[in-house]
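What follows is a short report on a single structure.
These figures come from a predicted structure and were not determined experimentally. In the text below, chain A, chain B and the rest are named by the order of the sequence lines, each starting its count at 1.
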Protein chains: 4
Amino acid sequence: MMTDSKDHLRDERREQIKRAALKVFAQRGLIGTKMNMIAREAQISDGLSYRYFKSKEEILTELIKEAIEGSNEAFALITNMPGSPIEKVRTLTNEILQEDNHHFILMQQVMLADELPNEVVELLKTHDSAAMINTLTAIIAKGQHSGEFVEGNPKELAMWYLTSLVGLMNIQKIDIEGYQLPDADFMMRLIVKPNPI
Amino acid sequence: MMTDSKDHLRDERREQIKRAALKVFAQRGLIGTKMNMIAREAQISDGLSYRYFKSKEEILTELIKEAIEGSNEAFALITNMPGSPIEKVRTLTNEILQEDNHHFILMQQVMLADELPNEVVELLKTHDSAAMINTLTAIIAKGQHSGEFVEGNPKELAMWYLTSLVGLMNIQKIDIEGYQLPDADFMMRLIVKPNPI
Amino acid sequence: MMTDSKDHLRDERREQIKRAALKVFAQRGLIGTKMNMIAREAQISDGLSYRYFKSKEEILTELIKEAIEGSNEAFALITNMPGSPIEKVRTLTNEILQEDNHHFILMQQVMLADELPNEVVELLKTHDSAAMINTLTAIIAKGQHSGEFVEGNPKELAMWYLTSLVGLMNIQKIDIEGYQLPDADFMMRLIVKPNPI
Amino acid sequence: MMTDSKDHLRDERREQIKRAALKVFAQRGLIGTKMNMIAREAQISDGLSYRYFKSKEEILTELIKEAIEGSNEAFALITNMPGSPIEKVRTLTNEILQEDNHHFILMQQVMLADELPNEVVELLKTHDSAAMINTLTAIIAKGQHSGEFVEGNPKELAMWYLTSLVGLMNIQKIDIEGYQLPDADFMMRLIVKPNPI
DNA sequence: TATGAATGAGGTTTCATTCAT
DNA sequence: CATGAATGAAACCTCATTCAT
């Protein structure tokens, strides 16, 4: 039907705008991102975004919804996957350390911001960053039992590991000659017990 | 004397405003920081900052000047101090991991920003973030020779270590129940060769 | 009595401030004049003017009152003085062309301004710049009869002469190397019939 | 073509804003002119000027550029034109005494101002108000030789004549019932030797 | 639907006025 | 009385949003 085609086109546009917005939000921050930057990145005119989104706020809200979903999925994945704690942490780490993973940066910016749209605040309650930490805490505790992970308060280890990882993602935006992200095993040295030879 | 007392008061005020501004800049970013936030944080009226600083830009510029000096000092310190590479890295790490160390966060924001005041751009040329990395690279290379540090491209290790550390500082602003920064030795697991038992 | 001495001191201060204000108003215009400029010119602190005048507006109002009085006096003088029309115009011209005659410049600025304090507006009604022109018109008409002045509509001649003169006063503020005001006889060439030889 | 039409519209708007600004600057002075006055005069919203000019300063700078060009042209004109000194001065005088000639008033305000944008200061160096005076001085000297002009220091005569003329332009803004500018020959009485009969 | 010009609320800065010392 | 630091309303400027084409 006609409508389907129309809807399809409309969805394409929305995705195009969201992709552009995510990139700019991640690079410039929530306030540093101007609507005309999003428009330029999406190669559309200044006014067009408003046919697809009510406001800058709405774009942000949708992006955060996706980010939360992505994050929840990532944690569901490692909760449910088979394998040793080390393998689970490696999977999670690789998930986060993707070159084009802007969602985690966005989440971080959102958590740092203080004046958020109400709807975003509501969304964040469904996310409970503590849940992420608790999941990882459980895995680490298990790994400690099996002797794979270093000793220490598992919750603290989880928080330190996650914040290091997310911080690293954030910092990668700085333009340093020849910089590339480390691989998962480098970061995992923080919590994995060294191989006794 | 009168003059001394006046000058003293003036300097106190300037410091008060800079302290407030540093805190807000670190939390909200360069653009996200509004002058009225600085004023509120410093508990003064909106207009008063302008008796002490020509503009928001001038406040930022002074803060960055201090941040660069602090960073340069930290690296000079570990370059000149006696001791093993491990001890040097531990000193540097502790220097960075101070609860109230907003300067590194500010530096990071400055390096991420795209439209900086000219004077700040000039200042940054005197800083050369590469210098920081090179200093650490040399120490790591030496530590690799003496077997203290893990193998791998020393420059890459330096960059990864520094960005993890700075990212961690940045992320600590997020309000997580019971979160405190890790100590130096936790982070140093990233590059220090484990003690063979 | 004590009070007399106090009042005397108070009046001195008021004069000092008014002198300073007149100078600055004439140089910088009504809006261009900042209260701190007046204070600096009067060599007093920023706040002190407010012990002697309710506001910037009040200072201006008093200055204009004086300017109007001065202008009225000048015209009364030439109306009543004995002598030929030429001598009367010369007296008036010299009155205006005084190096330190800021009052005429102030009057002009006031007449150009559009947002004036109400009280000033009231004052201006007592001045009626037309009165000045009418006085001069009468003198010129008389001088035309006696053959001293050039032909033409006497009112127009009066307006042109006065505006040239006042404009000249205004322009003298421009810093031109070696500039000094012309004397009365130069300006009077505009309306005085040349001496037949 | 599309682009041409767009550019054309843009230029029209810029001209509209400049016209409005010139009128207001001439009437209210550099500091007395508020952006909202320009907007109201141009019948546009407060923010729109900023799509066409970076700042109030830029508007002023462009206007001054034009004023300087106009002034330079006027003096080039009389330098190069054939004719007697009297005819040259008449041409110049008529050039200045145009009802809608706000440029000379603007120039005067600029020369009176004390805090000018840097670029304007640079521009003024290309203008050298002394050049204007020197040009006129030369013409007057020549006219004195041929007996057309009155005796006296030609440079002084030039300065007095010009300042009277410009001051007159400035003063015309005052709203006097039935006032109109004099013609060139009236003003030229200041320096032209009277016709002996 | 798509454009980009236009609007106006909000952030930055200035300065008349007040107030603690 | 005198000072100059402090205040806050108003001016300059930016940018999210609307609207004419």
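The separation between B:R10 atom CZ and F:dA6 atom C1' is 13 Å, rounded to whole Å. Residue B:Y52 contributes atom OH, which lies 16 Å from atom C1' of E:dC15 at whole-angstrom precision. One atom, CD of C:Q43, and another, P of F:dA2, lie 14 Å apart when rounded to the nearest Å. One atom, CZ of C:R51, and another, P of E:dA16, lie 20 Å apart when rounded to the nearest Å. Note: CZ (C:F25) to C1' (E:dA16) measures 12 Å, nearest angstrom. The distance between atom CZ of B:R40 and atom P of F:dT7, rounded to the nearest whole Å, is 14 Å. In this structure, B:L9 atom CG and E:dA20 atom C1' are separated by 13 Å, rounded to whole Å. Remark: C1' of F:dA6 and CD1 of B:I17 are 11 Å apart, rounded to the nearest angstrom.
The minimum heavy-atom distance between C:K56 and C:T33, with the atom names listed, is NZ-O, 2.7 Å. When all heavy atoms of A:M35 and A:S49 are compared, the pair lying nearest together is CE-CB, 3.9 Å. The two atoms that bring B:E41 and B:A20 nearest to each other are CG-CB, 3.5 Å, heavy atoms only. For the pair C:H102 and C:K23, the tightest heavy-atom approach, listed with the atom from each and the gap, is ND1-CA, 3.7 Å.
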Self-check item: Letter per nucleotide, 5' to 3', of nucleotides 10-17 of chain F [B base touched, S only sugar-phosphate touched, - untouched; heavy atoms, 4.0 Å]
Solution: -SSBBSSB
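Side chain to side chain, D:Q16 and D:R13 meet the donor-acceptor criterion of an N or O pair below 3.5 Å.
Distances shorter than 4.0 Å separate some side-chain N or O of A:R13 from OP1 or OP2 on E:dA2.
A heavy-atom distance below 4.5 Å is found between the side chains of B:N170 and A:Q108.
Salt-bridge formation is detected for the pair A:K125/A:E122: a Lys NZ or Arg NE/NH1/NH2 atom is positioned less than 4.0 Å from an Asp or Glu carboxylate oxygen.
Pairing of F:dC12, defined by two Watson-Crick or G-U wobble distances under 3.5 Å, is identified with E:dG11. Nucleotide E:dA20 is matched to F:dT3 when pairs are restricted to Watson-Crick or G-U wobble geometry with both distances under 3.5 angstrom.
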